[in-house]
Amino acid sequence: MESNNSRRNFLKKSAAIAMGTIAATSIVNNVFGASEYIEKEKATPDGGKFTLPMLPYNYDALEPHIDKLTMEIHHSKHHQGYVTNLNKALETVDGNVLGSPQSFENIFDKVAKLPTAVRNNAGGHYNHSLFWILMKPNAGGQPKGKLAAAINASFGSFDGFKTQFTDASMKRFGSGWSWLVVSKGKLVITSTANQDNPLMNLDSIEVKGTPIIALDVWEHAYYLKNQNRRAEYIASWWNVLNWDAVESLFAAVK
Ligand code: MN
């Protein structure tokens with residue numbers, strides 16, 4: 001079962017990823033393991049600024065599945081924009097409303113009381129930070145071990161999971177994300193609009209839980225290469241999904 005404590009640890013680890021507190025030199029040109037990231041439990045900035053995390057691979061590393069230009073613009077323009085606008089939006093927040101620290105955990109917990117710009121940009125920053133580490137070159141395939149067993153138990157088979165996750169991703173109208181989350185001890189596929197995510201304490205979030213797979217289905221994630229063909233993009237993404245990272249996140253939730 002997911003406990004508050006495991007959720008807190010997961011958020012701390014995710015925050016360390018998103019703060020960009022991991023040394024860039026150890027990441028660039030390196031086919032990383034997610035454990036390298038999630039083991040770094042750095043404090044959240046608390047008075048500092050959120051920063052754009054380095055990608056754990058080069059912009060062209062996911063070719064031919066996800067193209068270099070899409071990755072470059074998505075990371076250096078879109079994601080940077082969420083980080084910049086999150087820092088700006090937080091300047092407008094009364095310290096008594098948010099309290100301390102300025103962590104994802106705290107922001108997502110109090111998101112209903114915070115300006116929409118905080119909700120959108122904190123979501124954008126967190127979601128993309130997770131998305132990047134859940135991809136890597138020469139990946140794809142199938143999960144192993146306990147995660148494989150849990151997926152089979154929850155969705156009947158790996159192919160059943162893949163079909164249901166793809167369907168959820170196709171059905172998201174407009175911009176949003178699809179997720180595999182651990183919710184009350186169970187694996188659940190869900191989807192959120194815009195930059196919302198299953199960690200947000202909002203009535204509109206259908207399934208709350210800890211994300212272990214994140215797929216960006218905004219058109220900015222695929223339009224340059226696939227134009228409007230979301231199905232083609234999703235099919236490509238399965239080839240770069242980093243199951244080692246998913247397994248690490250799954251293990252951290254348990
Ligand atoms: Mn995006």
Side-chain angles (χ1 to χ4, degrees), residues 10-22 37 44-45 48-56 59 62 66 69-93 98 101-135 168-169 172-181 190-202 204-224 230 233 237 245 249:
F10 174 82
L11 279 157
K12 257 193 215 162
K13 288 166 184 168
S14 306
I17 296 164
M19 291 316 107
T21 48
I22 319 311
Y37 283 80
T44 47
K49 298 285 183 191
F50 286 91
T51 58
L52 182 70
M54 295 288 295
L55 285 188
Y59 286 132
L62 305 181
I66 312 251
L69 186 60
T70 295
M71 288 300 295
E72 184 167 358
I73 291 176
H74 201 174
H75 176 259
S76 71
K77 305 294 184 192
H78 291 281
H79 189 172
Q80 178 66 66
Y82 298 120
V83 173
T84 303
N85 291 325
L86 173 59
N87 287 325
K88 269 189 210 161
L90 284 170
E91 287 172 9
T92 70
V93 174
L98 182 58
Q102 285 193 351
S103 63
F104 284 123
E105 180 183 23
N106 194 22
I107 290 170
F108 293 154
D109 185 46
K110 294 174 182 161
V111 70
K113 298 174 201 156
L114 298 169
T116 306
V118 172
R119 170 179 171 175
N120 289 340
N121 291 294
H125 182 20
Y126 173 86
N127 298 350
H128 286 88
S129 299
L130 192 59
F131 183 55
W132 306 135
I133 67 158
L134 290 170
M135 297 189 286
S169 305
R172 165 52 51 197
F173 182 76
S175 297
W177 290 74
S178 42
W179 309 91
L180 179 65
V181 301
T190 188
S191 164
T192 54
N194 304 313
Q195 295 295 354
D196 287 351
N197 67 48
L199 294 165
M200 290 183 175
N201 185 12
L202 294 168
S204 59
I205 305 298
E206 289 169 29
V207 178
K208 295 186 177 72
T210 304
I212 62 169
I213 294 180
L215 174 60
D216 188 345
V217 295
W218 284 56
E219 279 193 344
H220 72 219
Y222 58 89
Y223 196 83
L224 292 175
R230 187 185 286 182
Y233 157 70
W237 168 80
L249 295 178

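The figures here come from the full heavy-atom set of this structure, side chains too, leaving out hydrogens, waters and symmetry mates.
Looking only at distances, no side-chain donor or acceptor of R119 sits under 3.5 Å from a matching main-chain atom of A112. Between the H125 side chain and the N121 main chain, no donor and acceptor come within less than 3.5 Å of each other. Between the side chain of N120 and the main chain of Q195, no donor-acceptor pair closer than 3.5 Å is present. Judged by distance alone, with hydrogens and angles left aside, the side-chain atoms of K208 form a donor-acceptor pair with the main-chain N or O of L202 at under 3.5 Å. Proximity of a side-chain donor or acceptor of S191 to a complementary backbone N or O of W177 within less than 3.5 Å is detected.
In this structure, P115 and T92 approach most closely via the heavy-atom pair CG-OG1, 4.2 Å. The two residues T192 and R172 have their closest heavy-atom pair at O-NE, 3.3 Å. Of all non-hydrogen atoms in P211 and L249, the two that sit nearest each other are O-CD1, 4.3 Å. Nearest heavy-atom pair across S76 and Y59 is CB-OH, 3.7 Å. When all heavy atoms are compared, the tightest approach of I107 to L114 is O-CD1, 3.7 Å.
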Checklist entry - Between F108 and N197, is a side chain to side chain contact (heavy atoms under 4.5 Å, CB included) present by the stated rule, with each step listed? => result CA-CA 9 Å; F108 293 154; N197 67 48; 3.4 Å; yes
Next on the checklist: Test ring-ring contact (aromatic ring centres under 6.0 Å, His included) on F104 and F50; report intermediate values, then the result.
Outcome noted: CA-CA 10 Å; F104 284 123; F50 286 91; 5.4 Å; yes
Checklist entry - Are Y223 and I73 close enough, and set up right, to give a side chain to side chain contact (heavy atoms under 4.5 Å, CB included), and what steps lead you there? => result CA-CA 11 Å; Y223 196 83; I73 291 176; over 6 Å; no
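A tilted orientation is assigned to the rings of F131 and H74, their planes being inclined by 30° to 60°. In this structure, Y82 and H220 have tilted ring planes: the angle between them lies in the 30° to 60° band.
Atom CG of residue L130 and atom CG of residue L215 lie 11.5 Å apart, to the nearest 0.5 angstrom. The structure places NZ of K49 at 9.5 Å from CG of L86, a figure rounded to the nearest 0.5 Å. Atoms CH2 and CG, from W179 and L199 in turn, are 7.5 Å apart once rounded to the nearest 0.5 Å. The distance from atom CG of N201 to atom NZ of K113, rounded to the nearest 0.5 Å, is 8.5 Å. With rounding to the nearest 0.5 angstrom, the CG atom of L55 is 4.0 Å from the NE2 atom of H75. How far NZ of K110 is from CE of M200: 15.0 Å, rounded to the nearest 0.5 Å.
Inter-residue side-chain proximity for D196 and I205 is flagged as met; some heavy-atom pair is nearer than 4.5 Å. Between W237 and M135, some side-chain heavy-atom pair lies under the 4.5 Å cut-off. Contact annotation: the side chain of H128 never approaches that of P53 to less than 4.5 Å [non-hydrogen atoms, C-beta and beyond].
Under the salt bridge (charged side-chain N to carboxylate O under 4.0 Å, His left out) criterion, R230 pairs with no residue at all, not counting sequence neighbours. In this structure, the side-chain contact (heavy atoms from CB on, under 4.5 Å) partners of A89, at least two apart in sequence or on a different chain, are A117, V118.
Inspection of the W218 and H78 side chains reveals no N or O donor paired with an N or O acceptor under 3.5 Å.
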